[in-house]
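The block underneath contains the structure these notes are about, expressed in structure tokens.
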Amino acid sequence: MVRYNPAEIEAKWAKKWEKEKAWEVDLEKAQKPYYNLMMFPYPSAEGLHVGNVYAFTGADIHGRFRRMQGFDVFEPMGFDSFGIHSENFALKKGTHPKEQTAKNITNFTQQLKTLGALFDWSRAVTTSEPEYYKWTQWLFLQLYKAGLAYKAKAPVDWCPSCKTVLADEQVIHGKCERCDTQIVQKELEQWFFAITKYAERLLKNLETIDWSERTKIAQRNWIGRSEGALLKFEIRSTKSEQYIEVFTTRPDTLFGATYMVLAPEHELVGKLKDSIENWGEVEKYINGAKQKNELERTELEKEKTGVELKGIKAVNPANKQEIPVYAADYVFASYGTGAVMAVPAHDERDFEFAKKYNLPIMQVICGDYPEQTCPALKEAYTGPGNLVGSGKFDGMDSEEAKAKIVEFAKGKLTTTYHLRDWLISRQRYWGPPIPIIYCRRCWEIRNSKFEIRNFKEGIDYIFINGKEHIIVPVPEKDLPVELLYVENFRPEGSGKSPLANVPEFVNTTCPQCGGAAQRETDVSDTFLDSSWYYLRYPSVGFRNSKFEIRNSKQIQNTKSKTVELPWNTEITGKWLPVDMYIGGQEHAVLHLLYARFITMALYDMGFIAFEEPFQKFRAHGLITKDGAKMSKSKGNVVSPDEFVAKYGADAVRCYLMFTGPFSEGGDWSDKGIVGVSRFFNRVWDFLQHEGKNLQSGEGLEQLRHKTIKKVTEDLEQLHYNTVVAGLMEYFNAFSGNSTVSLQDAETLLLLLAPLAPHLTEELWEQLGKEGSCHNKQWPSYDVDKIQEETFRLVFQVNGKPRDVVEVETGISEEGAKKAALGSEKVQKWLAGKEPKRIVVVPGKLVNIVV
RNA sequence: GCCCGGGUGGUGAAAUCGGAAAACACGCAACACUCAAAAUGUUGUGAGCGCAAGCUCUUGAGGGUUCGAGUCCCUCCCCGGGCACCA
């Protein structure tokens, strides 16, 4: 057995490929552009782990396969190096994120280069570079100018450990996505992106893209569309006339609404203060609710609490009955209208609440109409049925009644979504400063000219220390707003970024009036950095295009006529949208949703010609260690380095792919890799001994064509584990087989090339072949050559296999029957009984039923 | 609670247009090579019974449909993930 030395040959080819820029693709002249994208990593100090290698290898195999199929594959790589993850690490280590990041990137790059992937290093992108984040800031400005960014005071999620606010998507079960700390609610003024304006499109467009179904489902759930109606309830109070508007998905149950509930934060509660007889009690309840964090409030097992607003009554618009009004924290201010009509008979929560506070429960839907036996309900009936106790609607089907009752009660049909606006400001240091300036002088100038009448708070001006300040976007020509090097970047928890302590950053000159002004000191969310990186990659090295603004409706608040874009329009038109995107399922409602939103917004501004960034997306599975998710805290992170050194990158690649279906992931075992390594050594050994003697010829023609078919189809589906198995099976037929031909060996190398690029390249050279095997055409198969002349026909008696014979492929049904009845074993099992029925499955079996 | 996956040998897993379950590997055992070990090679390896030919059982549990079910239907259990007092 001649073993191969992976370290030696991998180094040899890595060097050669780097020198020849083997990955290079001419982005301008490419005939069949194929943008093969994978989620770029954040360069952690620990370096690459096998989970990264798994993801990248799966994506790279796809790219290499497409390339051999004749596509011009562009496979970029970069670093998501800005943001809280990098900063937290630097804090822990006592280093500065700037230096730490540079170090990490160097290390990562070196590791990535050993993997043998087609990464185009000439177009790498690093999100923390001013050259990049200048455009992240630009993106913020475009959204601002399009009316999609606004500053608002709202109850937001605050992580006490990270000392910053977080987006809704970054709160997992009430805990911080990054550090697992329990979040708290704070009322703070923050920047938001109006992603909710795109809720319907984000949902609808899912139909048009080829994505892993589970990723689409996760997005659908997150967007959380629900159809219902808005209904108005008049309030009878002693002092004022008001309405409570509610959102409901069950307007058909309106007659059963026996009380109402307002969220404790609902503005009406305060407005009705003078009419509320028990204000002291109510105020106490509200203050109590405010102090609970979201997790406490949403605790399912928790008993419901609430307080009646005494002196206030609402009128059910259906039956004009006066019903009581409560404030209770099981209703959220942030969803629907922040108020609900309570129908205890047909809603579990309302039922529980009504029981506790002894409120009437009135059944208005009957599941088994007309036999309505309506004893006191033991639990809420939430299913469909026919209406009862609903006046002229009695007997009507509940589905049908929905629209009818909405009309009757003068409400309106509507749709709401769970999706919330994207909170993008962070009170941290390591991110792109939000390119906004606040100017008091501008306000004074405009006020004196009466120009401020139509200004909107949050979009045109904000209050700082109780005084209005105009929001002035930093002019594009002044970008980037550079992140100053600050020694003390530690977040303080004051609700402000550490940049707020740096006067030379904060104090600036207003670009509009030239007066003294202050900068926004928050930075933007990391997910903004990664929401557009795929747009940048292909344009690296090309001149940015200018965009002429014709339609001022799309971009407001701008005086300039042209905008410089962060990309080249021609190149972008040619390469985008992305043909294949491969990444982790964990970003289903984070990165993937944000990226879609940003792309849609840019499309609406006219900057790009497509709405969806990723035509095809496939989620890969997770690599675990001993069944557990790898994490620094558990200390079970596996680095590929040791295994690459010992077995070679090819073996690591191939083993990872072999461990299970790519979409499912698998468990890393230190031992499993030897199987693949042995396989490679046997291939190596075989070609050392037989390589020179191989002759052209049919060889293992049938198996060869079968294997090409299987491997091609499985690669197409990303079923890499069976690709490896298929190749092993094919090669197993080589051993001791003197008929193996040159074509057999060549085909093996070509089919294996995407998985084990170094080994195959070396053996290709040793076979004396011209050029690189990676530039060769992908092998094709001939269906005729796969046809078997004979096959194994199974005979069953009563469904149990009893015999098998080799018969000619074209055998007739009659012939098959005859053969079956002619079998001794079959006869033995028939034991003289007359067959009742004979089932013939052509090409498979004959089943004799007695 | 709802929505997705998934449950197959000692292990990772194949096989889902219903047609010999366990391909391909790992591990294990025996043998060969070796002074020995490692490496490598050969053979065997789902369970049970049997000297053997062979037979029976077997894809989380239980029912069903079918000539025939890992695959389809129903009920339930377990594991992983997502959502969750969303009106």
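In the text below, chain A, chain B and the rest are named by the order of the sequence lines, each starting its count at 1.
With ring centers used as reference points, A:Tyr655 lies 6.0 Å or more from A:Phe643.
A donor-acceptor contact under 3.5 Å is formed by the side chain of A:Gln796 with the base of B:rG19. For A:Asn221 and B:rC83, a side-chain-to-base donor-acceptor distance below 3.5 Å is absent, hydrogens and geometry of angles not being considered.
Picking from B:rA23, B:rG19, B:rG12 the nucleotide with the shortest atom distance to the side chain of A:Asn847 gives B:rG19. Comparing B:rC4, B:rC83, B:rC85 by their closest approach to the side chain of A:Arg214 singles out B:rC4. Of the candidates B:rG19, B:rC4, B:rA20, the closest approach to any side-chain atom of A:Leu845 belongs to B:rG19. The side chain of A:Val331 lies closest to B:rA87 when the candidates are B:rA20, B:rC3, B:rA87. Distance from the side chain of A:Ile217 is smallest for B:rC4 among the nucleotides B:rA87, B:rC4, B:rA84.
Whole-Å rounding puts the A:Phe680 CZ to B:rA25 P distance at 13 Å. Rounded to whole angstrom, the span from the CD1 atom of A:Ile223 across to the P atom of B:rG82 amounts to 18 Å. Between A:Glu664 atom CD and B:rC4 atom C1' there is a gap of 12 Å when expressed in whole angstrom units. If you take CG of A:Asp168 and C1' of B:rC83, they are 12 Å apart, rounded to a whole angstrom. In this structure, A:His719 atom NE2 and B:rU16 atom P are separated by 11 Å, rounded to whole Å. Spacing between atom CD of A:Gln585 and atom C1' of B:rC3 amounts to 13 Å, rounded to whole angstrom units. If you measure from atom NZ of A:Lys800 to atom P of B:rU58, you get 8 Å, rounded to the nearest angstrom. The separation between A:Asp347 atom CG and B:rG1 atom P is 17 Å, rounded to whole Å.
Residue contacts shown for A:Asn732 are limited to sugar-phosphate atoms, with no base heavy atom under 4.0 Å away. At the heavy-atom level, A:Val340 lies under 4.0 Å from base atoms of the strands shown. Residue A:Arg349 is in base contact, counting any heavy-atom pair closer than 4.0 Å across all strands shown. No engagement by A:Lys836 is indicated, since no non-hydrogen atom pair under 4.0 Å with the nucleic acid exists. Looking at heavy-atom distances under 4.0 Å, A:Asp667 makes no contact with the nucleic acid at all.
With salt bridges taken as basic N to acidic carboxylate O contacts below 4.0 Å, none links A:Asp329 and A:Lys304. By the 4.0 Å N-to-carboxylate-O rule, A:Glu713 lies close enough to A:Lys709 to be salt-bridged with it. A:Glu207 and A:Lys216 are not joined by a salt bridge, as no carboxylate oxygen comes within less than 4.0 angstrom of a charged side-chain nitrogen. Residues A:Glu399 and A:Lys402 are paired through a salt bridge, judged by an N-O separation under 4.0 Å between the basic side chain and the carboxylate.
Summary of the strand contacts: A:Val804 and A:Thr659 both lie near RNA chain B, and taking for each the nucleotide with the nearest heavy atom, the more 5' one is attributed to A:Thr659. Mapping A:Ala339 and A:Gly665 onto RNA chain B by nearest heavy atom places A:Gly665 closer to the 5' end of the strand.
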Scoring nucleotides 37-54 of chain B by protein non-hydrogen atoms under 4.0 Å (B base, S sugar-phosphate only, - none) yields --SSS-------------
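Shown here, B:rA87 forms no base pair; nothing in the strands shown gives a Watson-Crick or G-U wobble contact with both key distances under 3.5 Å. Pair assignment for B:rG12 gives B:rC24, based on Watson-Crick or G-U wobble hydrogen-bonding distances that are each under 3.5 Å. Across all strands shown, B:rG5 forms a Watson-Crick or G-U wobble pair, both distances under 3.5 Å, with B:rC79. For B:rG18, there is no paired nucleotide, since no Watson-Crick or G-U wobble pair has both relevant distances below 3.5 Å. Using N1 to N3 plus N6-O4 or O6-N4 for Watson-Crick, or N1-O2 and O6-N3 for G-U wobble, each under 3.5 Å, B:rC35 pairs with nothing.
In this structure, B:rG9 is classed as syn because its glycosidic torsion stays within 90° of zero.
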Mind listing the side-chain donor-acceptor pairs of residues 811-820 of chain A below 3.5 Å, one per line with the distance, residues two or more places apart or on another chain?
unit_1	atom_1	unit_2	atom_2	d
A:Ser812	OG	A:Gly815	N	2.9

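No donor-acceptor pair closer than 3.5 Å links the side chain of A:Thr659 to the backbone N or O of A:Leu656.
A:Tyr647 and A:Asn681 are not linked by any side-chain donor-acceptor pair at a separation below 3.5 angstrom, with hydrogens and angles left out of the test.
Put simply, A:Tyr330 has no side-chain N or O that comes within less than 4.0 Å of OP1 or OP2 on B:rA87.
Under the 30°/60° scheme for interplanar angles, the aromatic rings of A:Phe353 and A:Tyr326 are found to stand perpendicular.
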